[in-house]
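These notes are about the structure you will find just below.
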Amino acid sequence: MTEKKILTDSGIEIKNDYDKSDRSKDSSSESAGKYPFTRGIQADMYRGKLWTMRQYAGFSTAEESNKRYHYLLSQGVMGLSVAFDLPTQIGYNSDHALAEGEVGKVGVAIDSIEDMRTLFNGIKLEDVTTSMTINATGFILLALYIVVAKEQGADLKKVSGTIQNDILKEYAARGTYIYPPKPSMRIITDIFEWCGRELPKWNTISISGYHIREAGSTAVQEIAFTLSNGKAYVKAALAKGLDINVFGKRLSFFFNAHNNLFEEIAKFRAARRMWAKIMKDLGATESKAMMLRFHTQTGGSTLTAQQPLNNISRVTIQTLAAVLGGTQSLHTNGYDEALNLPTEEAARIALRTQQIVAFESGAPDTVDPLGGSFFVESLTDEVEEKAWQLVNKIDAMGGSVAAIEQGFIQNEIARSAYEYQRKVESGEKIIVGVNKFQSKEPTYVPSFKIDDSIRDLQTKKLVTLKKSRNNAKVDQCLQELNDCASGNDNIMPAVISCVENKCTLGEIADTLREVFGEYK
């Protein structure tokens, strides 16, 4: 009788047992904190400093989100992570016709400096790190954040955080883009340049595999496509004349953590080794410019609406994968997020999951606890080998932008998503509570919904703002932004001036739509 093959979610065959002969390379001399960083970017890893425990939150109005931030900080969160609503992400004010039905739903609505002040009311921006999940309008949200920090009297040299700012994965997997690729890349490199001078502790991009994975990619595709996008950003910055040893230190990554524990750990280890080589090959000579620093979020697409309390177990496995894989920062999903925005209770349990792993599991007590495992080391090698095959294929096409324009990355993700769903529907892949071990007992989960009255509140705020501001100055600032975007000057100073003079997010985005056009 032929033994059934067991495969990871990326199609890597798992053997019955492993020994030293399964290693394709000898990494026994590798150390944490040293090139190529397979074992971690810090010599003492979590013994020196735990990962930053973040909780992704943002909904309704700035006032409501601010309350949740204060609650999370009181519960032991170390850094904030802001979710923005869809109109904010694609550059529309809350009163725009296309914003109807979406205001405050999947994140907080931010229309102007007034909203940003309220969002961080009572929170010293010099004392917290803030991650903002924002891409097409990332430069505007960064400008708003900077202005609020300046109003608080913060030293910009000490302000730290991250904007996602990764537009390539929007074209490939998520869809919240505004401008075509070329001007979008120009905006991103302008941010690199400006922050290098003015905001040195800010992570200027979080190159995101998370949404690639959520769209249906495998673990191997997640790191291959993400690192290829990273190469494209580095090359664009080099073409602008920026120093790889300066901007390279402020690049960060954002990965997903799914349920296949050992493949996920291998994925994180392989990604570090690959990025170190990529940066070295592109000319980086300083160790910190070759380090892959990353934030992890547990897998939203793995959460089930059926038997939602099972999601607590899934998130625990994913938390362990991220920690054993060496993450620098972590957000854990609420068990109820397949049904609605997380309730306060679900957010607290998600945070407690991180704290239990940190303080009770022993997982952070030593560097790279699974390093040297025949299985994990072999799997790391195999994940890396398969990922390089994809990276090399993308390079042969001319890089990520060309691969996206040709539809290659989108088609690969779609194919993997289809194959995964086929396995679930055939029962080949078991999802507990969904296609096996179902229960007919109804499960009551408290709901947390946002009603449509939020749009009316935001619209009233916009009316008041436009009456109280100096509209002649607004017009002047927007014209200066138009002139700047039409030339070659860095756009960030003009955007900051617009924000300070109460231009709205929609007005700034529309000004650049006139110059750059929209991507269709």
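No experiment lies behind these values; they were computed from the predicted model shown.
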Across all chains, not counting sequence neighbours, the side chain to side chain donor-acceptor pair (under 3.5 Å) partners of Asn482 are Ser486
Polar side chain donor-acceptor pair, [X] to [Y], under 3.5 angstrom:
| X | Y | value |
| --- | --- | --- |
| Gln479 | Asp483 | yes |
| Arg186 | Tyr179 | no |
| Ser497 | Glu500 | no |
| Thr296 | Thr327 | yes |
| Glu63 | Thr118 | no |
| Thr176 | Arg174 | yes |
| Thr343 | Glu345 | no |
| Asn471 | Arg469 | yes |
| Arg272 | Thr38 | no |
| Thr332 | Gln354 | yes |
| Asn229 | Ser400 | yes |

Does a side-chain N-to-carboxylate-O contact under 4.0 Å join [X] and [Y]?
| X | Y | result |
| --- | --- | --- |
| Arg455 | Asp95 | no |
| Asp44 | Lys49 | no |
| Asp365 | Arg47 | no |
| Lys105 | Glu102 | no |
| Glu151 | Arg117 | yes |
| Lys460 | Asp456 | no |

Residue pair Tyr56, Asn333: steps toward the side chain to side chain contact (heavy atoms under 4.5 Å, CB included) verdict = CA-CA 8 Å; Tyr56 185 48; Asn333 290 328; 6.0 Å; no
Go through Met53 and Val77 one step at a time and tell me if the side chain to side chain contact (heavy atoms under 4.5 Å, CB included) criterion holds.
-> CA-CA 6 Å; Met53 297 181 197; Val77 154; 5.6 Å; no
Going by heavy atoms in the side chains, are [X] and [Y] under 4.5 Å from each other?
| X | Y | result |
| --- | --- | --- |
| Met185 | Leu168 | yes |
| Phe359 | Leu50 | yes |
| Glu264 | Gln318 | no |
| Asp111 | Lys461 | no |
| Cys195 | Met492 | no |
| Trp51 | Pro364 | yes |
| Ile317 | Arg314 | no |
| Leu80 | Leu73 | yes |

For residues [X] and [Y], report the shortest heavy-atom separation together with the two atoms involved.
| X | Y | value |
| --- | --- | --- |
| Gly104 | Ile454 | CA-CG2, 4.5 Å |
| Ser329 | His295 | OG-ND1, 2.6 Å |
| Leu462 | Ser94 | CD1-N, 4.1 Å |
| Leu282 | Leu238 | O-CD1, 3.9 Å |
| Ala224 | Val391 | O-CG2, 3.7 Å |
| Ser252 | Thr162 | OG-CG2, 3.8 Å |

Test: Arg513 cationic atom under 6.0 Å from Tyr92 six-membered ring centre, within 45° of axis =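 Here Arg513 passes the 6.0 Å and 45° test against Tyr92.
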Heavy-atom count around Lys240 NZ within 6.0 Å, excluding the residue itself: above 12?
->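 Counting neighbours around NZ of Lys240, more than 12 heavy atoms of other residues, nucleotides or ligands fall under 6.0 Å, so yes.
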Within 6.0 angstrom of Lys466 NZ, more than 12 heavy atoms from elsewhere = yes
What is the distance from atom [atom1] of [X] to atom [atom2] of [Y], rounded to the nearest 0.5 Å?
| X | Y | atom1 | atom2 | value |
| --- | --- | --- | --- | --- |
| Leu505 | Leu144 | CG | CG | 7.0 Å |
| Ile409 | Ser228 | CD1 | OG | 6.5 Å |
| Thr189 | Phe192 | OG1 | CZ | 7.5 Å |
| Asn121 | Ser65 | CG | OG | 13.0 Å |

Passes side chain to side chain contact (heavy atoms under 4.5 Å, CB included), Val234 versus Leu251? Steps please.
-> CA-CA 9 Å; Val234 171; Leu251 304 176; 3.7 Å; yes
side-chain hydrogen bond (donor to acceptor under 3.5 Å, both in side chains) with Asn256: which of Arg213, Glu214, His211?
-> Glu214
Just by distance, do the side chain of [X] and the backbone of [Y] share a donor-acceptor pair under 3.5 Å?
| X | Y | result |
| --- | --- | --- |
| Asn501 | Lys473 | no |
| Glu126 | Asp155 | yes |
| Asn203 | Ile205 | no |
| Ser160 | Lys201 | no |
| Gln89 | Phe84 | yes |
| Gln152 | Ile123 | yes |
| Asp85 | Gly107 | no |
| Asn93 | Gly506 | yes |
| Asn490 | Asp190 | yes |
| Arg250 | Trp202 | yes |

How would you list, by chain and number, every residue that makes a ring pair (Phe, Tyr, Trp, His ring centres under 6.0 Å) with Tyr519, sequence neighbours excluded?
->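 For Tyr519 the ring pair (Phe, Tyr, Trp, His ring centres under 6.0 Å) partners, ignoring immediate neighbours, are Tyr171, Tyr177.
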Anything under 3.5 Å between a donor and an acceptor, one on a side chain of residues 130-141, the other on a protein residue two or more places apart or in another chain? List them.
from, atom 1, to, atom 2, distance (Å)
Thr130, OG1, Tyr145, OH, 2.8
Asn135, OD1, Asn165, N, 3.3
Asn135, OD1, Asp166, N, 2.8
Asn135, OD1, Lys169, NZ, 3.1
Asn135, ND2, Gln164, OE1, 3.1
Asn135, ND2, Glu170, OE2, 2.9
Thr137, OG1, Thr88, O, 2.9

With respect to Phe253, which candidate in Trp275, Tyr233, Phe225, Phe294 satisfies the ring-ring contact (aromatic ring centres under 6.0 Å, His included) definition?
->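 It is Trp275; the other options fail the test.
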